[in-house]
Amino acid sequence: MFSTVPKPCIRSISNRVKGLTSLYNARSCTSHAGKRADNMKKNMTRYRFIYPEFLPDPKIDFRNPVREMLERNDMIARRHQIDIPEFYVGSILAVEASDPHTPGKVQRFVGICIQRKNCGLRANFILRNIIDHQGVEILYDLYDPCIQKIEVLRLEKRLDDELLYLRDALPEYCTFDPNMEPEILPEDGDVPVNPIKVKLKPRPWLERWERKNLKGLQDLGLNERFYERARAVATPWEKYDLMKEYMRTIPEEEQNEILGEVQSKLQKLDVTKKRQKRKRVFVKPTKLA
Amino acid sequence: MNQAEVTKLVSQLRIKVNSRLRKFRNPKGPEERLNKLRKTVTALIKHERIELNYPRADEARMYAERLISDAIRYGDCHKTTMEMADYWLVEKQLIHKLFKVLAPRYENYTVAYTRMLPAPRSYPGYLKAVLELKGNPYPSLLPDTHTNRNLIHNVLLDEAKKAYRMQKYKEIANKVEDRVRAEAQAAGAQSSQPVDVKSNTENAEVSESSQKELNKEVEVKDK
């Protein structure tokens, strides 16, 4: 409800707020319904990060509630067909997809997710790996019917929201074994953040990384003039633009409405999956010879 | 098509949000746009009612709403909210007003915190507007239609009141009649004496008291 940054600026109000929070906590702890609501809230916070593609595009011109609802239904329907796991930028995935150029076969690609973009049925992600000394990137649509299986080999986050700088990094930072085994994480814990700092190749680069304020990069070793220019073109006032911030996000009330609906549907899906698993009986293989 | 950012949560604004932001005329660059709006937002928080050009008022209104909604949502212990307040309010004493006066004032509001009304134009084509915080101490800008008896809802309310009154009077009259009849019957049964003056006065008293009750009831209903 209220974060408690230890910097009380106006003491009386902050004390009142603290009292209110403790009261709220106490009440929610005592009652069972309150507990459930709390749980729901916690779930919602997780869902925001696990399923970002369920939230609509924040640009007002693109909003269309009916289309968004239909797309969400289609996404849930696709999730009935294949299991789309939780993953983040920086996670290592293996994707099995059929390819029009090799009919009847399945292509498996292992790589690190360097970007997640778009929302609704257009949601996509880019996997990157280095194969035979050649950088390979494949952009997959998350709800593409060609995709047959998505497997998370290592679930982790990185320091940045996009890892496009791996294109200019030394090859060891994005080389992954295609035969990698999936790593198992403890069941109920936060997703670990990999604090690795990537070393880039010397210039020229695809983008001016020194201007992007990236946390996951080692010292770039550039001439001072590059940093000066970066400082000159920086727009430090943009973080104070409250309306731009508002237009980049979806208000919480709306998020809760959408995610609540998605949550109930996904829970139903979970239940049906479990039931199917139970139904599947072991069939003794028959002797053929 | 982009994904919505979810790291910072915001409350929904209760006003219509334009699909794009106005740029204004800024010879000094995009930073100046925010500086302009900053002055307006500060003035709005300070004076609670200002008159200005329409585009600036429309733009500043969104920023003021965002600032107040954040102040209500996160309180004064939230570092980023405090930084925002520090940036947007040029006069620093207003930060206290935002968190101590405005946030409690608007805590339970379900509507917008500001009101924007069209103002008379100074020159054709140049729109003006009045921007004000709701719950300000000034007299209202809108005409008071509450007391206009000719408005349809007031007319209907008056008629309803009249009908209610008439119904109540009838009930009381019936009651009094019943009582008189009953007393007359009792007297006839006792000794066929004529009804004395005293009982008549009593009856009058009773009717007076019932009248008072009725008035009270009507008042309560009015409230």
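Residue numbers start from 1 in every chain, and the chains themselves are labelled A, B, ... in the order their sequence lines are given, proteins ahead of strands. Worth knowing before you read on, the calculation uses all heavy atoms, side chains too, and leaves out hydrogens, waters and symmetry mates.
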Go through it in stages, so that I can follow the logic: the residues are B:Glu132 and B:Thr114, the test is side-chain contact (heavy atoms from CB on, under 4.5 Å), and I'd like the CA-CA distance, side-chain angles, deciding distance and then a yes or no.
CA-CA 6 Å; B:Glu132 63 176 2; B:Thr114 57; over 6 Å; no

Taking every non-hydrogen pair under 4.5 Å, which of [options] racks up the most with chain B?
{"options": "A:Glu245, A:Glu238, A:Met243, A:Lys59", "result": "A:Met243"}
{"options": "A:Ile250, A:Asp61, A:Thr235", "result": "A:Asp61"}
{"options": "A:Arg63, A:Glu254, A:Gln255", "result": "A:Gln255"}

Applying side-chain contact (heavy atoms from CB on, under 4.5 Å), run through B:Gln3 and A:Phe54 and close with a yes or a no.
CA-CA 9 Å; B:Gln3 276 179 5; A:Phe54 276 104; over 6 Å; no

Identify which part of [X] has an atom lying under 4.5 Å from any heavy atom of chain A, answering side chain, backbone, both or neither.
{"X": "B:Arg33", "answer": "side chain"}
{"X": "B:Tyr63", "answer": "both"}
{"X": "B:Asn35", "answer": "neither"}
{"X": "B:Leu13", "answer": "both"}

Can a donor-acceptor pair be found, under 3.5 Å and without considering hydrogens, that links the side chain of A:Asp160 to the backbone of A:Lys215?
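A pair under 3.5 Å: yes.
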
Does B:Arg22 offer a backbone N or O that forms a donor-acceptor pair with the side chain of B:Glu59 under 3.5 Å?
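Yes.
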
Non-hydrogen atoms of chain B under 4.5 Å away: do they reach the side chain of [X], the backbone, both or neither?
{"X": "A:Pro236", "value": "neither"}
{"X": "A:Leu55", "value": "side chain"}
{"X": "A:Lys244", "value": "both"}

Looking at B:Tyr126, I'd like to know if its OH atom is crowded, meaning that more than 12 non-hydrogen atoms belonging to other residues, nucleotides or ligands lie closer than 6.0 Å.
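Open.
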
Applying side-chain contact (heavy atoms from CB on, under 4.5 Å) to A:Lys265 and A:Asn73, what does each step give before you reach the verdict?
CA-CA 9 Å; A:Lys265 281 185 181 168; A:Asn73 289 348; 2.7 Å; yes

Testing A:Glu71, A:Arg78, A:Glu53 for side-chain hydrogen bond (donor to acceptor under 3.5 Å, both in side chains) with A:Tyr143, which one passes?
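Of all the options given, the one that passes is A:Glu53.
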
Does the pair A:Phe49 and A:Tyr88 meet the rule for a ring pair (Phe, Tyr, Trp, His ring centres under 6.0 Å), with working shown?
CA-CA 8 Å; A:Phe49 295 98; A:Tyr88 302 92; 7.8 Å; no

I'd like to know which of B:Arg20, B:Glu65, B:Glu83 tops the heavy-atom pair count under 4.5 Å against chain A.
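Among the listed options, the one with the most contacts to chain A is B:Arg20.
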
